[in-house]
Asks: 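Below you will find the structure I want to go over with you.
No experiment lies behind these values; they were computed from the predicted model shown. Note that ligands are numbered from 1 as they come in the structure, with each ligand's atoms numbered from 1 the same way.
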Amino acid sequence: MPSTPPEINSPLLQKRIDELSLITEAEPPVVTRVLFSDSDLRGRQFVRNLCEEAGLAVRVDEAGNMFARWEGSAPDAPAVATGSHIDAIPNAGKFDGVVGVLGALSAIEALQESGFRPMRSIEIVVFTAEEPTRFGIGCLGSRMLAASIPLGKVRGLRDPDGLTFDELRARAGLRGALESVALPKGFYSAFIELHIEQGPLLEQENLPIGIVQAIAGPSAYRVRIKGEGGHAGAVLMPGRHDASLAAAEFALAVEKGALASGSPDTVATTGKWEIFPNAINSVPCDAVLEIDLRDTCLETRERALMLAREASVEIAARRGVTITWDEINADPPADGDPRTIEIAEDVALQIDLASRRMVSRAYHDSLFMARVCPTTMIFIPCFKGYSHRPEEYSDPAHVAQGARVLAGTLARLSHQPL
Ligand code: HGY
Ligand code: MN
Ligand code: MN
């Protein structure tokens with residue numbers, strides 16, 4: 001066991017983060033790497049090559065989750081897992097998810113160079129489809145690993161071009177049974193994910209490390225509003241059933257529901273709007289909205305949802321439109337594992353890094369890994385909390401410190417008694 005966690009090769013880690021950021025569908029420095037797109041496939045290959053150069057044994061499951069294993073002296077014991085995602089939403093930055101994948105690789109390389117030998121194997125997981133961009137639902141890979149999504153629902157997904165998950169994963173040469181993806185019970189002894197905070201607290205409090213004690217529960221809904229179209233000049237106002245204006249009122253009602261839930265942790269937005277026929281001189285007859293509603297507490301999230309549903313009934317009656325709801329996902333919050341949290345805190349303390357426990361308001365693959373093994377996350381600060389935008393930034397010192405705390409935590413978890 002290393003007396004203190006080994007130093008991270010920060011310039012090399014930064015160089016890799018920069019190199020991966022150039023594998024994008026957008027113009028650098030903008031990062032866009034949508035599930036199973038050409039840039040996603042090239043990004044996966046980039047990470048795979050680095051892991052194989054580090055001597056890790058790499059495999060890919062039928063959903064596209066990639067695993068890079070550093071075999072320990074007890075190869076049959078439940079391994080310690082770490083990792084994150086490299087897919088990126090449109091107009092994203094270069095740190096979200098990537099820090100947890102490349103930081104984990106740098107942590108393992110530092111441990112290797114320090115002469116540390118794992119007892120439990122240590123495995124990096126690069127989860128497929130953490131972002132909801134392609135299919136509207138996030139964490140598809142970790143949901144399937146945790147057997148937390150009916151495979152019929154996965155097969156029924158369609159992307160905006162009408163492509164299925166099976167058609168898209170075939171691009172990566174994956175055609176095997178998705179039933180093989182779910183992890184056997186007890187496969188991992190622990191999971192720990194390094195990630196940028198995607199919020200402003202650590203920077204505001206000038207703290208280098210956050211340890212996640214809870215992850216907010218995400219939910220998403222697709223709401224269809226059916227009105228009546230017509231000529232924008234000829235249909236007089238009293239006779240209109242304008243789907244777009246009903247959508248506008250409804251989106252404000254969603255916001256109102258979140259504000260009236262009784263908890264400051266309830267957040268909601270209407271992030272996707274499609275108006276039909278979307279022509280300037282035509283009264284919109286249809287609107288399709290996608291709502292993102294989250295909370296650290298199920299009860300207040302449900303209250304916000306109920307208020308929004310009640311508002312939709314009133315808006316539909318008053319405006320003479322129909323409003324129908326489809327649930328995309330509604331997942332409970334997850335708690336960090338106390339023992340794993342303590343270990344990560346103790347490692348940070350050991351290298352004089354102040355830390356605080358905190359909530360993750362973004363969801364992560366950890367939300368589902370917490371269903372299969374003790375899980376927590378290590379957060380590092382990011383500039384003004386920016387994320388999901390090109391200005392996303394974490395300075396190299398913070399990235400390296402996060403990876404170093406990860407290295408120390410992985411070392412201790414790997415030597416947990418069998
Ligand atoms: O939306 C989220 O919380 C995550 O970044 N996909
Ligand atoms: Mn993200
Ligand atoms: Mn992420």
Side-chain angles (χ1 to χ4, degrees), residues 17 20-21 24 26 30-35 40 43 47 65 82-104 124-143 148-149 191-200 202 210 212 214-221 258 265-272 290-296 301 328-334 358-370 375-383 385-394 399 402 406:
I17 290 172
L20 181 51
S21 74
T24 169
V30 178
V31 178
T32 300
R33 250 190 325 264
V34 178
L35 173 69
D40 182 37
V47 171
N65 295 305
T82 183
S84 192
H85 63 99
I86 64 164
D87 62 327
I89 71 168
N91 197 45
K94 62 182 174 181
F95 296 89
D96 175 8
V98 167
V99 159
V101 172
L102 296 179
I124 302 173
V125 187
V126 184
F127 296 93
T128 218
E130 191 276 347
E131 297 293 3
T133 313
R134 179 77 78 175
F135 290 112
I137 179 170
C139 297
L140 274 181
S142 46
R143 286 175 193 272
S148 289
I149 184 168
F191 176 73
I192 182 151
E193 180 173 6
L194 172 64
H195 205 286
I196 57 171
E197 180 197 340
Q198 296 178 306
L202 291 176
V212 171
I215 302 175
S219 67
Y221 302 87
D265 286 329
T266 316
V267 291
T269 190
T270 303
K272 267 183 92 171
E290 288 190 1
I291 317 293
D292 182 311
L293 166 63
R294 311 183 191 200
D295 201 329
T296 53
R301 191 180 82 188
I328 299 171
N329 65 283
D331 306 296
M358 57 200 296
V359 164
S360 173
R361 300 188 183 286
Y363 62 73
H364 303 278
D365 293 302
S366 292
L367 183 70
F368 297 96
M369 292 305 285
T375 292
T376 188
M377 298 181 76
I378 298 167
F379 271 178
I380 58 171
C382 53
F383 175 62
Y386 288 165
S387 185
H388 284 191
R389 52 191 286 190
E391 302 87 353
E392 184 181 271
Y393 178 79
S394 258
V399 175
L406 179 65

Asks: Strictly under 2.8 Å, is the Mn ion (ligand 3) approached by any N, O or S atom of E131?
Replies: no
Asks: Taking heavy atoms and a distance under 4.0 Å, where does H364 meet ligand 1: side chain, backbone, both or neither?
Replies: neither
Asks: Determine, step by step, whether S366 and F191 satisfy the side-chain contact (heavy atoms from CB on, under 4.5 Å) criterion, reporting the C-alpha distance in whole Å, the side-chain angles of both residues, the deciding distance to 0.1 Å, and the verdict.
Replies: CA-CA 8 Å; S366 292; F191 176 73; 3.3 Å; yes
Asks: When you measure from the Mn ion (ligand 3) to the N, O or S atoms of H364, does any of those distances fall below 2.8 Å?
Replies: no
Asks: Under 3.5 Å, is there a donor-acceptor pair between the side chain of E392 and the main chain of F95?
Replies: yes
Asks: Compare E131, E130, R294 and give the one whose heavy atom is closest to atom 2 (C) of ligand 1.
Replies: R294
Asks: Between E290 (side chain) and G136 (backbone), is there a donor-acceptor pair under 3.5 Å?
Replies: no
Asks: For the atom pair CD1 (I86) and OG (S21), what is the distance rounded to the nearest 0.5 Å?
Replies: 12.0 Å
Asks: Is there at least one pair of N or O atoms, one from Y363 and one from ligand 1, spaced under 3.5 Å apart?
Replies: yes
Asks: Pairing donors with acceptors under 3.5 angstrom, does anything connect the side chains of N91 and H388?
Replies: no
Asks: May I ask you to list the atoms of ligand 1 that are less than 4.0 angstrom from any heavy atom of A362?
Replies: 3 (O)
Asks: To the nearest 10 degrees, how large is the angle at the Mn ion (ligand 3) between H85 NE2 and D96 OD1?
Replies: 90°
Asks: Within ligand 1, which atoms have a heavy atom of H388 less than 4.0 Å away?
Replies: 5 (O)
Asks: Could you tell me if T269 and D292 have a donor-acceptor pair between their side chains, going purely by distance under 3.5 Å?
Replies: no
